[in-house]
Amino acid sequence: MTDDRNLDNSAPASRPKRRGRRIAIGVVIALAVIALAVFVIVPAAGRFFTAQETAVRSDWSVETGDLLTSDEANRVNVHTADLHSDLMVVQLVPEEIEDEGFTYYNVDVQDRLAQTIEGIKSLDVAWTASNPLAVLNPYGTGSNSLYLYFETDLDTRVTYTIHVDDPAIADHTATAKNWAEGSEDTVYATEHEFQIVGLVPGRTNEVTLTIEGSFGIERQRVSFTVDMPDTKSGYAVQLPVTEGESTAELSDGLFAMVRTNGYLGYGFFFDNDGIMRYELVTEGLGLDRILYYGNDIVVCSSADSIARIDGLGRVKTVCNLGSYVLHHDINYCGDNSLVALVERAGAETVEDVVIEVNLDTGEVTELLDFTTFMDDYVQAYTHVIGATDTFFWQAGECDWIHLNTVDYRAEDDALIVSSRETSTIMKVSNVHTSPQIDYFIGNESFWAGTPYEAYSLTKLGDFKYQYGQHSVELDGEGPTEGTYYLLMYDNNYWALSTRSGYSPDLTDTDVSTDLYNGTASYVYRYLVDENAGTYELVDSFAVPYSSIVSNVAHTPESTNYVVNSGIANVYGEYDEDGTLIRQFAYECTLQSYRTFKEDMLGFWFSEPRRYAPAALCVSRLFRTPATVCAPRSPRVNTAACAPFVRPERLPHYANLARFECLPYAHAFRSPRKPAVSCASFVHPERLLYYANLPPRTPASLPAGIRELSGQKSAEWYQPRLLVARNNLAKKLSAFSYGDVMPDKESTASRNLAVKAIRRFR
């Protein structure tokens, strides 16, 4: 009985114990899963996300049409392009394109492609405007580019208009920059070689070429259609647009989106209506910034290389950085070099080194390792990022400074860098000899008690400090010697993942500590006075909130700003008062780093001639060369530029060598910009070019020229100049213009070109 009772009593008594054990085991398993997520899965996901930036493109394959011929010497196959067009469009494909390790960012590959093009150009074919040599994306770097080559009998220039049968897509008109050898620096030529930039991917584009003579006479007009392939990236070709409250005009140019996560390895160029006009293809990363080097551009082509590209899309040089990895920015440093923010591959401390790259030789020199330079702070105050820290995706790394912008000030051989992690702007001078800290700008309490306490400049005025700032850049000299301006994107976000025991006083501020939710970010402009050791906020305006990434920059030759709020996934153009003109929304994975606006003049485009009254010339404050700065007349000197352009732009105008005039209404977008008389600055024989003569047909030109001898001309110019003008008028009146609109070549001429290419070796 005892045994039976024990059995009867033991059954119910054991159930709570088992249930308790099960609960305990469940808790342990749950904690293990949480630990696994915190310490393994979350960091792994973060590394997977950031690994996109160092990934290198492995697939360069393209869709082509029929094989026409093979250039055996250069190992390049010539195909018809896989698209419909009125033109014969060919496509060049290197034989090894599908081999492992192939890249278009190889100078040998680029040289072979160029030699193949030269061979085709030299065939016994009349390449004319209506039967040009047309090559789709000849150098593999511009997926929706169309290369054209042809010759004309007289010196001309080419303007093209792209039309898409869609009321939501406005026509795109541009004057082509001529890259034909010997014609790169001339306005008019008989040999023409250029990229048509602006073709809308995935659409039927109607292109009209207008061939114009040196006196503005339209000598030929040719139209053709071309069905462009879809974007290589799969990115949208049209962005949603929101109008702002400002009635100011948008500046001319293209918005360049760089480092768009989810689409790394591309640079997207959109027009003022949000239409994609160019897709630049790189090995990886995503440009970071566009720098001009002569007529070429310099961009980050991958995480460990910097490339120089010309206006035809040809990669001229590639600088390999070895063990250094790019991460945020490149900028000018002298005549033939640049500075770049990098980190050492595999190092525990990251985003902390600045290098210099010689663009002529490709030589890479380490300028400053901030971890070594500020070792006493790093050792005493910082630690690696943990899986539960704000920037958990960098777990295991010591991102103690997180440099995100670099600019170079030649006057004192100084680097000005932005440190997101410390919310500090730093200036270090004598970087090529004996580096020394000049100052810090930020909340001085961050550096209180550290060896760097004395370097903080004094804040003048009642405004909040910048927090998590990006894209700090020099923005012109100040009113007195030793003063200058700094422009930046103040993210207005506070986070610190590498230092314990410090947090700023954010009482009564709108500074956010949330990655996604905040009141606003700001454009800040500081006036720095190194003599007095102070800085003050002179301009600011609110923009959509973005905790990280983002930028602000001036638009081309205007007082507008372009602002990218990377986490909000919008960029916009603002007038000089900080009022939104137009905003564009885009898609990406979490963030897009920067957006600039570039006019691409001298690279893809050349400025068209404008005819206007000679008395109404202005400087290149907007789109035309600075009249008073171009030293064609010995009476002109660069000092005359000062009233018309921002001081930091004076060096760019000193070497200009041509003049143009603008109508008053177009030129004076800002009423504060004065006019200058052309007659004071141009040679007598050139005055005709600047007169108010818009001859649209040959018949109208002589009558217009005769008008110049009247009283109107006498009022504009000194009497002694009229003789030269009238003599030139007589010559022009006797000029025989001939047929300005020759018939289009027949299909037979294209067939001859196809036969010639098939025989090409």
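Computed from a predicted structure; not experimentally measured.
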I'd like to know if Arg57 and Glu283 make a salt bridge, using a cut-off of under 4.0 Å between side-chain N and carboxylate O. no
Do the side chains of Val570 and Phe584 get nearer than 4.5 Å, heavy atoms only? no
Taking the side chain as every heavy atom from C-beta outward, state whether Ile196 and Ile162 have any atom pair closer than 4.5 Å. yes
When you measure from the side chain of Asp273 to the backbone N and O of Ile275, does any donor-acceptor pair fall under 3.5 Å? no
One pair to check against side chain to side chain contact (heavy atoms under 4.5 Å, CB included): Phe603 and Gln195. What are the steps and the verdict? CA-CA 10 Å; Phe603 183 70; Gln195 273 196 100; 5.8 Å; no
If only atom types and distance count, is the side chain of His328 paired as donor or acceptor with the main-chain N or O of Leu326 below 3.5 Å? no
Decide yes or no on side chain to side chain contact (heavy atoms under 4.5 Å, CB included) for Leu291 and Ile297, but give the supporting numbers first. CA-CA 5 Å; Leu291 301 179; Ile297 61 170; over 6 Å; no
Donor-acceptor pair, Thr555 side chain versus Asn560 backbone, under 3.5 Å? yes
Verify whether the ring centers belonging to His192 and Phe150 lie closer than 6.0 Å. yes
For Tyr160 and Phe605, take the angle between the two ring planes, folded into 0 to 90°, and tell me which bin it lands in: parallel under 30, tilted 30 to 60, perpendicular over 60. tilted
Taking Asn551 for its side chain and Arg594 for its backbone only, find out whether a donor-acceptor pair lies under 3.5 Å. no
For the pair Trp604 and Tyr278, name the ring-plane relationship: parallel under 30°, tilted 30 to 60°, perpendicular over 60°. tilted
Which residues share a ring pair (Phe, Tyr, Trp, His ring centres under 6.0 Å) with Tyr408, sequence neighbours left out: none
Are Tyr149 and Phe194 close enough that some pair of their side-chain heavy atoms sits under 4.5 Å apart? no
Report the C-alpha separation of Glu53 and Arg259 in whole Å, then their side-chain angles, then the decisive distance to 0.1 Å, and conclude whether the salt bridge (Lys or Arg N to Asp or Glu O under 4.0 Å) test is met. CA-CA 9 Å; Glu53 298 183 351; Arg259 267 185 75 187; 2.8 Å; yes
Taken in chain and number order and not counting sequence neighbours, the residues that satisfy ring pair (Phe, Tyr, Trp, His ring centres under 6.0 Å) with Tyr561 are Phe541, His554
Show your reasoning for whether side chain to side chain contact (heavy atoms under 4.5 Å, CB included) applies to Val299 and Ile330. CA-CA 8 Å; Val299 298; Ile330 59 175; 5.6 Å; no
A cation-pi test, strictly: NZ or CZ of Arg277 under 6.0 Å from the centre of the six-membered ring of Phe269 and no more than 45 degrees from its axis. Yes or no? no
Can you tell which of Asn569, Thr595, Asn564, Thr260 makes a side-chain hydrogen bond (donor to acceptor under 3.5 Å, both in side chains) with Tyr586? Asn564
Anything under 30° is parallel, anything over 60° is perpendicular, the rest tilted; go ahead and classify Phe102 against Trp60. perpendicular
Report the distance from atom CZ of Phe596 to atom CG of Leu287, rounding to the nearest 0.5 Å. 9.5 Å
Short question: side chain of Asn205, backbone of Val200 - any donor-acceptor pair under 3.5 Å? yes
Surrounding CD of Glu587 (heavy atoms of other residues, nucleotides or ligands, distance under 6.0 Å), is the total greater than 12? no
Flag, side chain of Lys597 to backbone of Ala256, donor-acceptor distance under 3.5 Å: no
Arg314 side chain vs Ile309 backbone, donor-acceptor pair below 3.5 Å: no
Would you mind reporting whether Val207 and Thr161 have side-chain heavy atoms less than 4.5 Å apart? no
Do Tyr104 and Gln110 come close enough that some side-chain heavy atom pair is under 4.5 Å? yes
Please confirm whether the backbone N or O of Pro229 pairs with a side-chain atom of Asn144, one donor and one acceptor, at under 3.5 Å? no
With His79 via ring pair (Phe, Tyr, Trp, His ring centres under 6.0 Å) - residues at least two apart: none
Can you check whether Leu341's main-chain N or O pairs, donor with acceptor, with Asp329's side chain at less than 3.5 Å? no
Atom CG in Asp490, atom OH in Tyr524: separation rounded to 0.5 Å? 5.0 Å
Taking the six-membered ring for Trp, are Tyr493 and Tyr467 closer than 6.0 Å centroid to centroid? no
Can you see whether Arg221 engages Thr208 through a side-chain donor-acceptor pair at a distance of less than 3.5 angstrom? no
Glu63 atom CD, neighbour heavy-atom count above 12 within 6.0 Å: no
Are Val552 and Leu487 side-chain neighbours, meaning at least one heavy-atom pair lies under 4.5 Å? yes
Determine whether Glu573 and Arg582 satisfy the following criterion, salt bridge (Lys or Arg N to Asp or Glu O under 4.0 Å), listing intermediate values before the conclusion. CA-CA 6 Å; Glu573 185 165 336; Arg582 186 172 292 172; over 6 Å; no
Starting from the C-alpha separation in whole Å, work towards a yes-or-no answer on side chain to side chain contact (heavy atoms under 4.5 Å, CB included) for Ser550 and Tyr593. CA-CA 5 Å; Ser550 311; Tyr593 196 81; over 6 Å; no
Does the pair Arg203/Asp165 count as a salt bridge with the N-to-O cut at 4.0 Å? no
Carboxylate-amine/guanidinium contact Lys232 Glu279, below 4.0 Å: no
Salt-bridge test for Lys177 and Glu184: reply yes if a basic N is under 4.0 Å from a carboxylate O, no otherwise. no
May I ask you to test the Met228-Leu136 pair for a side-chain heavy-atom distance under 4.5 Å? yes
Side-chain donor or acceptor of Asn404 paired with backbone N/O of Gln469 under 3.5 Å: yes
Determine whether the side chains of Ser521 and Asn491 contain a donor N or O and an acceptor N or O closer than 3.5 Å. no
Is any side-chain heavy atom of Tyr139 closer than 4.5 Å to a side-chain heavy atom of Ile117? yes
